[in-house]
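The block underneath contains the structure these notes are about, expressed in structure tokens.
As the structure is a computational prediction, the values presented were derived from the model and not from experiment. Proteins get letters first, then strands, A, B, ... in listed order; numbering begins at 1 in each.
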Number of protein chains: 2
Amino acid sequence: MAEVDTRQRILDAAESLFTEHGFDATTLRQITGAAEVNLAAVNYHFGSKEELIREVFRRRLTWLNQQRLQELDRLEAEAGGAPLKPSRILEVFFGVALKMAADTEGGGRSFMRLLGRTYSKPSEFVRGFLAEEYAAVLARFKAALIKALPGVPGEEILWRFHFMLGAMSYAISGTDALHMVAEDALDDSDPEALYARLMSFMIGGLRAPLPKLQAGPAKRPRIKKAA
Amino acid sequence: MAEVDTRQRILDAAESLFTEHGFDATTLRQITGAAEVNLAAVNYHFGSKEELIREVFRRRLTWLNQQRLQELDRLEAEAGGAPLKPSRILEVFFGVALKMAADTEGGGRSFMRLLGRTYSKPSEFVRGFLAEEYAAVLARFKAALIKALPGVPGEEILWRFHFMLGAMSYAISGTDALHMVAEDALDDSDPEALYARLMSFMIGGLRAPLPKLQAGPAKRPRIKKAA
DNA sequence: GTATGATTCAAACAACTGTTTGAAACATAC
DNA sequence: GTATGTTTCAAACAGTTGTTTGAATCATAC
């Protein structure tokens, strides 16, 4: 019984401290201190600091991605084979994440900020299982978007999806960054408003006119002249 | 004479190692090893590791922001008081950054990746002078954008600017992240193409319809019915 | 009660951290 | 040449890191 309690307390403390100071700058002594457990408890319950980090991610990420897939399933079932509205797809993917990020009490907010930062700087040993957790989800959403946007090349969609991940990451970890730079602070206290803002920005970006790419390696002339 | 060489070699090695492993995970012994200088050289030339980090940023950031202000000056002078096209403003701000990021040889690319990550996780002691370096630039570009988009509230512009910073950050540090997740790798070998992609995405986002913000602290009903 | 296994605890471990030191090597001016 | 100031170097410093250890405590079943 005490096991669960201790594990949970360590995970919660670690998640919060990792978010605040990063992995390397957070020591096991800080974690066990905040969790009010013995130092050796981390190695006893998780084996090592690296395994603890992985578990911090696994705990939330698995649920998050299951939720995303589940909602996409529901949406596609409702549509019955017809392509979805791109905005609906984005709403599922980012809506679930932002909903989690809005959960200040359960620690979801802390985790999402951590995830955003880690995603852009995957320490070698998280990269592997992060890819593992994300692979299926990314594939599903990419396929849905390609189907929803028949006119847009798949590569372009992937890039724009990538840009959107960046926007979301900053939106969540957000105010820390802009706050430091803009004195007239942005109000991020309202998750609904943030969600609405981010979503209209993303949809605008997703539906933007395609860039004029010139002189690529596989340039294809418009009209084939006689050779 | 040797001083300059040593300082420079340390800064270059530090920049590259910080980008790859982060500040905390990079040790002075790694840096001095890569730079092929004595361990004590860092403390002799920079005073401390923290000062070294600050100098790594200062070296590039000062130039980068000067460049941005300079180009904005030129643009506004040409316009002669008339509001600029929003896309032109973005082209200056992000174009300069992406040009630097495209500089693989001079180390600019490495630095921009580092900057993008640091911006979203400012260790307490970089935050201060990072804000210092950015304050003037942000203010200028914000003002220009507000002038260029008279219909859009200033707060909305700031948010969208923030989202764009996120998109750019991911675009630069980019492929590491998406690469790990999408097997059909994105080709980021062409900076021109990346620039074009990012720019049309951003402009699309910037010009997107305003979000419908409901039930804020100042909710205003559409039609006031009889009570 | 005793026995068995899981969990906690204080203490120690070796390895590594940023920093300091004092002598050596170097450059430059006289 | 000597003198002076700067830069390099190997070695050591004290402090912190993640991890291990072996005894103590707890819970549960018999």
Side-chain angles (χ1 to χ4, degrees), chain A residues 1-59 114 118 121-129, chain B residues 1-59 114 118 121-129:
Chain A
M1 203 50 48
E3 183 208 337
V4 178
D5 237 34
T6 301
R7 272 183 64 100
Q8 210 76 12
R9 283 225 301 280
I10 291 175
L11 285 171
D12 290 341
E15 180 177 82
S16 149
L17 284 168
F18 286 155
T19 303
E20 217 167 329
H21 307 113
F23 299 130
D24 306 298
T26 302
T27 73
L28 291 187
R29 283 166 180 81
Q30 290 178 269
I31 295 172
T32 54
E36 295 180 327
V37 302
N38 187 272
L39 169 62
V42 169
N43 287 279
Y44 176 76
H45 285 285
F46 299 95
S48 69
K49 187 184 180 183
E50 287 201 359
E51 279 297 334
L52 169 62
I53 294 176
R54 266 189 279 262
E55 193 54 36
V56 165
F57 279 95
R58 187 152 24 218
R59 179 171 67 144
L114 178 61
T118 309
K121 174 204 164 191
S123 323
E124 300 81 40
F125 72 96
V126 259
R127 173 178 300 211
F129 97 102
Chain B
M1 203 52 45
E3 182 207 338
V4 178
D5 237 33
T6 301
R7 272 183 65 99
Q8 210 75 13
R9 283 225 301 279
I10 291 175
L11 285 171
D12 289 342
E15 180 177 82
S16 147
L17 284 167
F18 286 154
T19 303
E20 216 166 330
H21 306 112
F23 299 130
D24 306 300
T26 303
T27 72
L28 292 186
R29 285 167 178 81
Q30 289 178 269
I31 295 172
T32 54
E36 295 180 328
V37 301
N38 187 271
L39 168 63
V42 169
N43 287 280
Y44 176 76
H45 286 284
F46 299 94
S48 68
K49 187 183 180 183
E50 286 201 1
E51 279 297 334
L52 169 63
I53 295 177
R54 266 189 279 264
E55 192 54 36
V56 165
F57 278 95
R58 188 152 24 217
R59 178 171 69 145
L114 177 62
T118 308
K121 175 205 164 190
S123 322
E124 299 81 36
F125 73 95
V126 258
R127 173 178 299 209
F129 96 102

Can you tell me how far C1' of D/dG18 sits from CG of A/Leu17, to the nearest Å?
16 Å
Hey, does the side chain of B/Asn38 come within less than 4.0 Å of D/dA10's phosphate (OP1/OP2), counting only N and O?
yes
C/dT7 OP1/OP2 closer than 4.0 Å to side-chain N/O of A/Thr6:
no
Separation of C/dA10 atom P from A/Glu36 atom CD, nearest Å, is 13 Å
Taking protein heavy atoms under 4.0 Å as touching, what does nucleotides 12-22 of chain C look like 5' to 3' if B marks base contact, S marks sugar-phosphate-only contact and - marks none?
B----BBBBB-
Dot-bracket for DNA chain C, 5' to 3', counting Watson-Crick or G-U wobble pairs under 3.5 Å, with [ ] for crossing pairs and | for inter-strand pairs?
||||||||||||||||||||||||||||||
side-chain N/O B/His45 vs D/dT8 OP1/OP2, d < 4.0 Å
yes
Heavy-atom pair of closest approach, residues A/Leu17 and A/Thr26
O-OG1, 3.3 Å
Compare every heavy atom of B/Ile31 with every heavy atom of B/Ile10, then report the nearest pair and how far apart it is.
O-CG2, 4.0 Å
Considering non-hydrogen atoms only, spot the tightest contact between A/Arg9 and A/Glu36 and give its length.
NH2-O, 3.4 Å
In terms of heavy-atom contacts, B/Leu11 and B/Glu55 come closest through CD2-CG, 3.9 Å
For B/Ile53 versus B/Phe23, what's the shortest heavy-atom pair and its separation?
CG2-CE2, 3.7 Å
Per the salt bridge (charged side-chain N to carboxylate O under 4.0 Å, His left out) rule, what does the pair list look like for residues 40-53 of chain A, sequence neighbours excluded?
A/Glu50-A/Arg54, A/Glu51-A/Arg54
Is there side-chain contact between B/Thr118 and B/Phe57, with heavy atoms separated by less than 4.5 Å?
yes
State the CG-CG distance between A/Asn43 and A/Leu52, to the nearest 0.5 angstrom.
9.5 Å
